[in-house]
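Structure first, then comments.
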Protein chains: 2
Amino acid sequence: MILRNQVEWALHCCSVLAGLPKGRYLSTKTLAEFHGIPKEYLSKALQAVSQAGLVEATLGPSGGYRLSKPASDITFLDIVEAVEGKARTFNCTNIRDNIPCRPAGFCDEKPCAIARVMWQADAAWRASLRAVSLADLKDMLKTDIPADQAKRSADWLLDRLG
Amino acid sequence: MILRNQVEWALHCCSVLAGLPKGRYLSTKTLAEFHGIPKEYLSKALQAVSQAGLVEATLGPSGGYRLSKPASDITFLDIVEAVEGKARTFNCTNIRDNIPCRPAGFCDEKPCAIARVMWQADAAWRASLRAVSLADLKDMLKTDIPADQAKRSADWLLDRLG
DNA sequence: GAGAGACTACTCGGATACAGTCTGTCCGAGTAAATCCGG
DNA sequence: CCGGATTTACTCGGACAGACTGTATCCGAGTAGTCTCTC
């Protein structure tokens, strides 16, 4: 079980969008060029994020994406779920029902104990992702990346945004 | 991202094995019949659990699997990792390296901030799974399943174990 | 009757096909900007 | 020179192939139990 790399791309792109001047758009083409990844495929990841309502798009020249909410209101979980879906990582098929010496409908009362444990772990994972917003990420990056590097990247992007 | 159903099968089978009289074996065929799942494919899941050293197998008539450790020493995480592998759920491909305005080898110092967040969530998930052992599961089932039902299942299995 | 040897039948383990999803690509609908023309 | 209609070029969005992992199945190597034969 491994997350698809669209998740990674979506996270990096949202991180970049969070650093943009308010109201400006950045196109898929520029984002793909910036990260060195295939433009057409990245487009699909951004579509998912867009459909989840985290970013909004505009068409035409100087079009692209921008965050539709403050960076502090967008969590890692939002982005991950936008790409991967909200379904739980563990799918209980209730194979208990097939046990020959049990009456039909045995599992109706209460979810399987195994599923409960797995779902609890899933909840812990999601809670951990929900605890970090794009604003938090921005702060982390501020200490990670030297100021001159950050400025160089910002300038590179500023030259290309709409 | 969703766990393969082999994980579910492995967990249920280990749960059954944990309830066996000490030293007795239970065959894949019986386990598959008990759960109503394809025998040949279940075999692959049990192979993985066996290779991880959680259960041990014996051949011949009345052969099969049994736990190789006390139930309290086998955690959900052990079983999940046996089937899914120990790799982290988030794979950082360091696309930062491709950013055009950065020198090569920029990512060598420290893992990506995004990866750190994702890995932390992964760690939370694993910690939650590590906290529950098969012995704990047995206790949960004791309150879930009526005594007569449990006995009927046990008898059904007792008739068929080696 | 007891013990040793051969046989049988059942087990696990790895090697082999099929399917579904993830990855990657393409083209069309739609729009904001730029251009051109008339006043 | 200014305003509006037109053209243009660029964007997103969904529809379309290829590759890889997950699913399902098969058959062979090996062993515990059983049976038989001999003592």
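Because only heavy atoms are used, hydrogens play no part in the values below, and waters and symmetry mates are left out as well, while side chains stay in. Throughout, a chain's letter reflects where its sequence line sits, starting with A, and its residues are numbered from 1.
Rounded to whole Å, the distance from CG on A:Asn5 to C1' on C:dG24 is 10 Å. Across the protein-nucleic acid pair, B:Ile2 atom CD1 and D:dG22 atom P stand 13 Å apart, rounded to whole Å. Between A:Lys44 atom NZ and C:dC26 atom P there is a gap of 15 Å when expressed in whole angstrom units. When the C1' atom of C:dT11 is taken as reference, atom CZ of B:Arg24 falls 16 Å away, rounded to whole Å. Here the P atom of nucleotide D:dC27 and the NZ atom of B:Lys39 are 12 Å apart, to the nearest Å. Atom CE in A:Met1 sits about 19 Å away from atom C1' in C:dG20, given to the nearest Å. Separating the CD atom of A:Gln47 from the C1' atom of C:dC27 is a distance of 13 Å, rounded to the nearest angstrom. Straight-line distance from the OH atom of B:Tyr25 to the C1' atom of C:dT11: 12 Å, rounded to whole Å.
Within a 6.0 Å sphere centred on CD of B:Glu33, heavy atoms belonging to other residues, nucleotides or ligands number more than 12.
Distances were taken from every side-chain heavy atom of A:Arg4 (C-beta onward) to each of C:dA33, D:dT23, C:dT23; the shortest belongs to C:dT23. Ranking C:dA15, C:dG13, D:dG13 by closeness to the B:Ser43 side chain, first place goes to C:dG13. Checking C:dG24, C:dT11, D:dG14 against every side-chain atom of A:Gln51, the shortest atom distance belongs to D:dG14. If you check C:dC12, C:dT23, C:dT25 against the side chain of A:Glu40, the one that comes closest is C:dT25. You'll find that the side chain of A:Ala57 is closest to D:dC12, out of D:dC12, D:dA15, D:dT23. Ranking C:dA32, C:dG13, C:dC12 by closeness to the B:Ser50 side chain, first place goes to C:dG13. Ranking C:dT23, C:dG13, D:dT25 by closeness to the B:Pro38 side chain, first place goes to D:dT25.
No hydrogens or angles considered: nothing links the side chains of B:Glu56 and B:Tyr25 as a donor-acceptor pair under 3.5 Å. At a cut-off of 3.5 Å, with distance as the only test, a side-chain donor of A:Glu8 or B:Thr93 sits close to an acceptor on the other residue.
Phosphate contact (OP1/OP2 of D:dT23, side-chain N/O of B:Tyr41, threshold under 4.0 Å): present. An OP1 or OP2 oxygen of C:dA32 is reached within less than 4.0 angstrom by no side-chain nitrogen or oxygen of A:Ser62.
Contact record, A:Asp144 with B:Pro111: OD2-O, 4.4 Å, taken as the closest heavy-atom pair.
Residue A:Glu56 is classed as having no contact, given no heavy-atom separation below 4.0 Å to the nucleic acid.
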All N/O pairs under 3.5 Å across the protein-nucleotides 29-31 of chain C interface:
none

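The nearest heavy atom of DNA chain D to A:Lys29 and to B:Leu42 marks one nucleotide each, and the one closer to the 5' end goes with A:Lys29.
Here the SG-CG distance, from A:Cys14 to A:Leu134, works out to 6.0 Å after rounding to the nearest 0.5 Å.
B:Gln6 contributes no side-chain N or O that forms a donor-acceptor pair with the base of D:dG22 under 3.5 Å.
A continuous path of Ile, Leu, Val, Met, Phe, Trp and Tyr side chains, each step under 4.5 Å between heavy atoms, connects B:Leu158 with B:Leu67, placing both in one hydrophobic cluster.
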Quick one: side chains of residues 122-129 of chain B, donor-acceptor pairs under 3.5 Å with protein atoms, not counting sequence neighbours, listed by atom name and distance.
{"residue": "B:Asp122", "atom": "OD1", "partner": "B:Thr89", "partner atom": "N", "Å": "3.3"}
{"residue": "B:Asp122", "atom": "OD1", "partner": "B:Thr89", "partner atom": "OG1", "Å": "2.8"}
{"residue": "B:Asp122", "atom": "OD1", "partner": "B:Arg126", "partner atom": "NH1", "Å": "2.9"}
{"residue": "B:Asp122", "atom": "OD2", "partner": "B:Arg126", "partner atom": "NH1", "Å": "2.6"}
{"residue": "B:Arg126", "atom": "NE", "partner": "B:Glu81", "partner atom": "OE2", "Å": "3.0"}
{"residue": "B:Arg126", "atom": "NH2", "partner": "B:Lys86", "partner atom": "O", "Å": "3.4"}
{"residue": "B:Arg126", "atom": "NH2", "partner": "B:Ala87", "partner atom": "O", "Å": "3.3"}

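Stacking of A:Arg160 on the aromatic ring of A:Trp156 is recorded, both the 6.0 Å distance cut-off and the 45° axial limit being met.
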